[in-house]
Amino acid sequence: MELKPELGLRQVGLRFGGRPVVEGIDLGVAKGEVLVLLGPSGCGKTSLLRLMAGLIAPNAGQVTLNGAPPRPGQGTAMVFQSYRLLPWKTVAQNVAFALPDLAPAAVAQRVAEVLALVGLARVADALPAQLSGGMKQRVALARALAPRPDFLLMDEPFAALDAQARELMQMELLRLTGAQGGPGVVFVTHSVDEALVLADRIVLLSPRPGRILARVELPFAAPRWREDPRSHPAYADLRARLWAQLRDAVLNDPQSDFHRAAADLRS
Amino acid sequence: MGERTVTAMPDRSEARTQAEDAPRARGPAVPGAETALGTALLRLGFLGLVLIVWALAARAAPPGLFASPLAVAQALGRLVAEGRLLPALGASLQVYLLGTGLAIVAGAALGCAMGTFRLLGRTLDIYVMALAATPRVAFIPLIIVALGLGLQAKLLIVFLGAVMPVILNAYAGVRAADPELVEMARATGASRPRILRHVVLPGALPYLMTGIRIGATIGLINTVVAELYTAISGLGGLLAVYGSRFRMAEYLAVVVVLALIGAAVTEALRLIEKRLLRWREA
């Protein structure tokens, strides 16, 4: 099925202080699709999310959301690795923060809805400091879903969680976004396994400056939160291929910690 | 007046090592001391020790130079009975609370404005720091020339002392706003006023409270200074009168009253702070 890319990047380049961060990025994401950006540290993945959110503008090329340059909070919502909850606000108030334009009654109703959706209705009045990491990230997810964004932009959101919480949150994310009319997801990770479990498509990025190395369409059937793709015959093969490419990219990066170690090993 | 060095806190970790948090972090040295009752008993015990040392010192000192705790308590009773203490206390509290209150309001507003509008902050901060480092007792003759010896002059002396730490700490607090939280707020499409109100100012509150506590202490010092240097009045006035006549029991009774005011204000601020900053615990 061909999906219309509602969030698009065309020949996008970005520089910080004269140094290129990403170069020549062409990407399209449609609503209802999960695109994973996979790459080593420093490949500009986070910068790409900021560009999509409209927090920064590209130095070259174009970023468009439904045909126009994106503006913060207009159709996109971000989820960060460090949760970024306001510690002085309750869970409900943190979610309500993403709904500045609604009337108070509508805010209360929507907050209750999304908290029920992520299973946190009973801690609505708790402060973030009282919650576990997994619960904090579910609050952050509820805050992102509250304004019904077209796209969720997720920056290594589960990297700080323990292995069990991470796996549960991955399933939770697929369940929440996989429904009819759900948002598109752009998900940044450096974990090959996380990419394979979550993605409809994977885009592999090179280290600095970030360029697209490979695009992979995944053959696993939807809905994947019901069927674990790791049992699929193609999984091991895909994993090995992606990992080999990622490893080569890191080892060939002269600025990588592993570059010299690899050269020493070869000699 | 206000000659202690007043510096803004550079970061949050330093704020946490403030004196009142330290004992809790180290844990109780005496079993049971972590309870409120245990703390109260330890404090009472220490007060008893101070009174005993004080009484022994008074006995050893040449007559007329020092007074025993008992003599001071009796003098305090006389001052109240003769109607001297309460009017003086009222006059001092008026100067102190009004001057410090104005300093808190003005200092918080200016400090937050300096932190929010970077151009204003960059322009003013060096002058505020210079003024904060200047012994402000140097301004008293100027204040007397401008405002005379009355209430206005006293209020300005208290205000000038208390306002500096409030400005500097509010300024530091706004500038220390967590960039990650600000980015999160921007990503929701929040306007600058909304980010200021919901993200930056609540984050600056711990700094502001520290500034207020330092300001309140300097305000009390400056209240006494003002009452000594301008028209003699209030508790500072009583200190001058009894000090110059070597009536040590009365003199020390006034000192005790000043210490009680200081302790009461500090404790009240601590309770307010604890309530406002509940989110930092848990």
Side-chain angles (χ1 to χ4, degrees), chain A residues 46-47 49-56 65 70-91 93-102 123 125-132 136 139-140 142-149 151-155 157 160, chain B residues 9 11-16 21 24-25 108 112 115-116 169-170 172-212 270-282:
Chain A
T46 300
S47 297
L49 288 191
R50 289 205 182 105
L51 285 164
M52 294 175 195
L55 290 173
I56 49 177
L65 175 64
R71 289 172 43 209
Q74 307 286 307
T76 60
M78 290 187 87
V79 179
F80 308 89
Q81 181 182 335
S82 50
Y83 323 128
R84 305 199 189 180
L85 303 179
L86 298 171
W88 42 85
K89 286 182 184 285
T90 64
V91 165
Q93 289 167 339
N94 265 286
V95 176
F97 183 73
L99 301 166
D101 301 324
L102 291 187
V123 294
D125 296 322
L127 288 167
Q130 299 167 307
L131 305 180
S132 70
K136 283 182 199 169
V139 177
R143 175 177 64 193
L145 291 170
R148 296 192 172 85
F151 290 94
L152 279 183
L153 308 174
M154 310 184 77
D155 190 3
Chain B
M9 292 185 309
D11 66 24
R12 234 160 259 174
S13 60
E14 194 162 316
R16 292 239 172 76
D21 289 349
R24 204 187 315 153
C112 289
T116 308
N169 279 278
V174 170
R175 286 207 311 168
D178 185 342
E180 291 204 336
L181 291 182
V182 171
E183 189 192 33
M184 176 281 294
R186 283 191 59 214
T188 67
S191 62
R192 267 193 79 173
R194 186 172 167 81
I195 294 174
L196 190 67
R197 183 173 153 214
H198 292 275
V199 181
V200 176
L201 293 183
L205 198 58
Y207 289 74
L208 178 63
M209 287 307 298
T210 301
I212 289 174
R270 233 163 51 97
L271 285 179
I272 293 172
E273 189 171 350
K274 210 175 158 185
R275 204 170 151 67
L276 286 177
L277 303 180
R278 246 176 328 184
W279 52 268
R280 284 208 303 189
E281 303 166 13

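Throughout, a chain's letter reflects where its sequence line sits, starting with A, and its residues are numbered from 1. Remember, predicted model here, so these are calculated numbers, not experimental data. Just so it is clear, the values below take in all heavy atoms, side chains as well, and ignore hydrogens, waters and symmetry mates.
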Contact check, side chains of [X] and [Y], non-hydrogen atoms, under 4.5 Å:
X: A:Arg84; Y: B:Asp178; result: no
X: B:Thr188; Y: A:Pro147; result: no
X: A:Phe97; Y: B:Arg194; result: yes

In Å, rounded to the nearest 0.5 Å, how long is the span from [atom1] of [X] to [atom2] of [Y]?
X: A:Phe80; Y: B:Glu180; atom1: CZ; atom2: CD; result: 8.5 Å
X: A:Leu127; Y: B:Arg280; atom1: CG; atom2: CZ; result: 13.5 Å
X: A:Arg50; Y: B:Glu183; atom1: CZ; atom2: CD; result: 4.0 Å

Can you name the closest pair of heavy atoms from A:Pro87 and B:Leu181 and give their distance?
->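 Minimum heavy-atom separation between A:Pro87 and B:Leu181: CD-CD1, 4.1 Å.
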Distance-only, no hydrogens or angles: does the B:Arg186 side chain make a donor-acceptor pair with backbone N or O of A:Pro72 under 3.5 Å?
->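 No.
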Is a donor on one side and an acceptor on the other found under 3.5 Å between the side chain of A:Trp88 and the backbone of B:His198?
->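 Here the side-chain-to-backbone pair exists.
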Using non-hydrogen atoms only, which part of B:Ala185 is less than 4.5 Å away from chain A: side chain, backbone, both, or neither?
->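 Both the backbone and the side chain of B:Ala185 come within 4.5 Å of chain A.
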Select one option (side chain, backbone, both, neither) describing which atoms of A:Arg143 are under 4.5 Å from chain B's heavy atoms.
->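 A:Arg143 touches chain B through side-chain heavy atoms alone.
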Please look at A:Leu85 and chain B and tell me whether the side chain, the backbone, both or neither of the residue comes under 4.5 angstrom of a heavy atom of that chain.
->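 Answer is backbone: N, CA, C or O of A:Leu85 sit under 4.5 Å from chain B.
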Winner by heavy-atom pair count (cut-off under 4.5 Å) against chain B, out of A:Pro149, A:Ala53, A:Pro100, A:Ala98 |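 Going by pairs under 4.5 Å, I would pick A:Pro100.
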